[in-house]
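Below: the structure, in structure tokens.
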Amino acid sequence: MLHRHPDSPVGLLTDRGSTETLLRWAIPFFVSGPIVLVLGQLWGQQANLYDINVGVALLLMTMTILGCGMSWAAAVRLRDLDRLRDCSADDLTQSNATERTGELANTATQLYALV
């Protein structure tokens, strides 16, 4: 079986929780958005509506790279928050079980005292 590092793209995309949700919509948006814009500009250039400026292409590429990087960082953070939430929920469940066990022990002691 292939080992997937939890911070790898595949690891983040297969993570259950907020991470997967974020990446499933963000990555296609950040990848396809600039491509659509560039294709539109190429069509406009071929139709002699305007010229394509190299700076615009560089800007689009930079936005794509930064957008994906920001999404990745947000996904890692969301995954960490999901894990923290899950640990807190487990701790709360354990605490409630311990408290309930103590209450039952006190009730049992009171019942034995009455008998």
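This is a predicted model, so every value here is computed, not measured.
Under the salt bridge (Lys or Arg N to Asp or Glu O under 4.0 Å) criterion, R85 pairs with D82, not counting sequence neighbours. Residues that satisfy the side chain to side chain donor-acceptor pair (under 3.5 Å) test with D80, not counting sequence neighbours, are absent from this structure. For I35, the side chain to side chain contact (heavy atoms under 4.5 Å, CB included) test picks out V31, L39, with sequence neighbours left out. With sequence neighbours excluded, no residue forms a salt bridge (Lys or Arg N to Asp or Glu O under 4.0 Å) with D86.
In this structure, OG1 on T109 lies 10.5 Å from CG on L104, to the nearest 0.5 angstrom. Between the CG atom of L78 and the OG atom of S71 there is a distance of 10.0 Å, given to the nearest 0.5 Å.
Under the salt bridge (Lys or Arg N to Asp or Glu O under 4.0 Å) criterion, the residue pairs touching residues 88-111 are R100-E103, with sequence neighbours excluded.
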